[in-house]
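Bear in mind the structure is a predicted one, so any value in this text is a computation, not a measurement.
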Amino acid sequence: MEQGRARDAAVPRPYAPEAPGMPETSAPGSRRVPEQARGEHTHGEQDRSGCPSRSQTQTQAQPPSSPIRRHSVRGQILDALRTALVSGELAPGEVYSAPVLGERFGVSATPVREAMQRLALEGAVEVVLNRGFRVIERSARELAELAEVRALLEVPVMLRLARTVSAERWAELVPLAEATGAAAAVGDRAAYAESDRAFHRALLALSGNQQLVMVADDLHRRSQWPLVSAPAVRRADLVADAAEHSALLDALMARDLPVVQSLIREHFTGSAG
């Protein structure tokens, strides 16, 4: 894939206060990243805050949901960018400009840069001087290495939990498994990625080791980023992956350790999420 090339891509836009004087935009689901966001030279551009003044917020009509506090904007932008990474809307090899993306999110470039810098620390993007951030192009080997590390961490813990956790506790996780199935059934890769991670976090949380949960979740998130030039994940792949969650719970409730071990290892190596 040629780096920095322009192409249309939709990026989810979280709710954020609009800047005074900005024209109305379309519904969040229909907003798209403008061509200028990709590979644009941003040297010398001025940040523009999308947060209205106190006097203006007193007279503006409030949206149906609660107003967003300024300190939460960066977190919402980070969530939106992570979703766009998983769905492939932020494409591997492409360069994205923080000021232009900030305009589309209705905020200044600052929270976008801060979110991108967090993604750079996670290894999802890299800084391109005077241009923005390039999405990292990942290899199949990196994905295999992540799966191996996840298996080394999680398989022993799951086998220990299979011996000690009651069937009733495992049954409490059935709604989370069903949520992955619902997202898979409609082919929503971003929603599936979130529900998949929520299911695995809940499994590991039964160990009582929060450090393990955080480390494993970070590895899981990184394994969900799409590979460069990889074929799109099919809905059938997501459905099959979600079915493994229900099968795993059945094996855990039955304390069938060989099946638990086999399912977890296969899930890591063939996971669509």
Side-chain angles (χ1 to χ4, degrees), residues 8-16 25-33 63-66 68 72-92 94 96 101 104-105 115-116 118-119 122 124-125 135 138 143 146-147 150 154 172-205 213-214 216-227 230-249 263-264 266-268 270-273:
D8 292 335
V11 174
R13 174 176 178 175
Y15 170 76
T25 55
S26 56
S30 64
R31 295 183 175 93
R32 304 184 69 83
V33 178
S65 58
S66 299
I68 300 300
S72 70
V73 171
R74 183 182 67 173
Q76 292 195 28
I77 297 297
L78 180 60
D79 288 342
L81 292 173
R82 282 174 170 164
T83 297
L85 279 169
V86 170
S87 66
E89 294 163 0
L90 291 181
E94 299 286 351
Y96 295 87
L101 287 178
R104 295 301 297 169
F105 285 131
M116 283 292 200
R118 174 65 181 271
L119 291 175
E122 295 176 0
V125 302
V135 179
R138 299 169 59 247
L143 185 61
L146 287 169
R150 288 185 64 200
E154 297 188 36
E172 294 173 1
L173 304 187
V174 169
L176 292 176
E178 292 175 343
T180 67
V186 297
D188 189 335
R189 178 169 172 78
Y192 182 79
E194 289 297 323
S195 59
D196 183 35
R197 286 175 43 232
F199 175 75
H200 282 269
R201 284 196 304 268
L203 288 175
L204 295 176
V213 174
M214 289 189 295
D217 188 55
D218 179 64
L219 292 169
H220 194 171
R221 180 190 295 114
R222 290 165 58 189
S223 72
Q224 292 173 333
W225 299 334
L227 299 176
V233 176
R234 301 172 303 169
R235 181 170 60 179
D237 296 329
L238 297 179
V239 171
D241 197 65
E244 293 178 2
H245 294 154
S246 296
L248 176 60
L249 284 181
L263 283 172
I264 295 175
E266 291 176 6
H267 190 66
F268 289 154
S271 176

- For the pair E244 and D241, evaluate side-chain contact (heavy atoms from CB on, under 4.5 Å) and give the outcome as yes or no after the intermediate values. CA-CA 5 Å; E244 293 178 2; D241 197 65; 4.0 Å; yes
Can you measure from [atom1] ([X]) to [atom2] ([Y]) and round to the nearest 0.5 angstrom?
X: T180; Y: F199; atom1: OG1; atom2: CZ; value: 7.0 Å
X: D217; Y: R201; atom1: CG; atom2: CZ; value: 4.5 Å
X: R138; Y: L146; atom1: CZ; atom2: CG; value: 6.0 Å
X: D218; Y: R150; atom1: CG; atom2: CZ; value: 11.0 Å
X: L203; Y: L249; atom1: CG; atom2: CG; value: 6.5 Å
X: Q224; Y: L219; atom1: CD; atom2: CG; value: 11.5 Å

If you look at every heavy atom in [X] and [Y], which pair is closest and at what distance?
X: L78; Y: A115; value: CD1-O, 3.7 Å
X: A190; Y: T83; value: CB-CG2, 3.5 Å
X: A179; Y: S195; value: O-OG, 4.0 Å
X: Y192; Y: A242; value: OH-N, 3.3 Å
X: L143; Y: S223; value: CD1-O, 3.3 Å
X: A198; Y: L176; value: O-CD1, 4.1 Å

* **Partners passing side-chain hydrogen bond (donor to acceptor under 3.5 Å, both in side chains) against R222 (at least two apart in sequence or in another chain)** =>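 Partners of R222 by the side-chain hydrogen bond (donor to acceptor under 3.5 Å, both in side chains) criterion come out as none, since no residue qualifies.
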Go through the structure and list residues passing side-chain hydrogen bond (donor to acceptor under 3.5 Å, both in side chains) with E178, not counting sequence neighbours.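 None.
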Look only at the side chain of [X] and the backbone of [Y], and say whether a donor-acceptor pair between them is shorter than 3.5 Å.
X: R235; Y: V186; value: no
X: R189; Y: V86; value: yes
X: Y96; Y: V135; value: no

- Item | Whether H200 and H220 hold their rings parallel, tilted or perpendicular, with breakpoints at 30° and 60° |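 Perpendicular, since the angle between the ring planes exceeds 60°.
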Indicate yes or no: at least one non-hydrogen side-chain atom of V125 is less than 4.5 angstrom from one of L81.
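No; the side chains remain at least 4.5 Å from each other.
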Discussion item. Is any side-chain heavy atom of R234 closer than 4.5 Å to one of V239?
Written reply: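 No. Closest side-chain heavy atoms not under 4.5 Å.
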More than 12 heavy atoms of other groups within 6.0 Å of R221 CZ:
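Enclosed.
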| request: Step by step, work out the side-chain contact (heavy atoms from CB on, under 4.5 Å) result for R82 and E122. | output: CA-CA 11 Å; R82 282 174 170 164; E122 295 176 0; 2.3 Å; yes
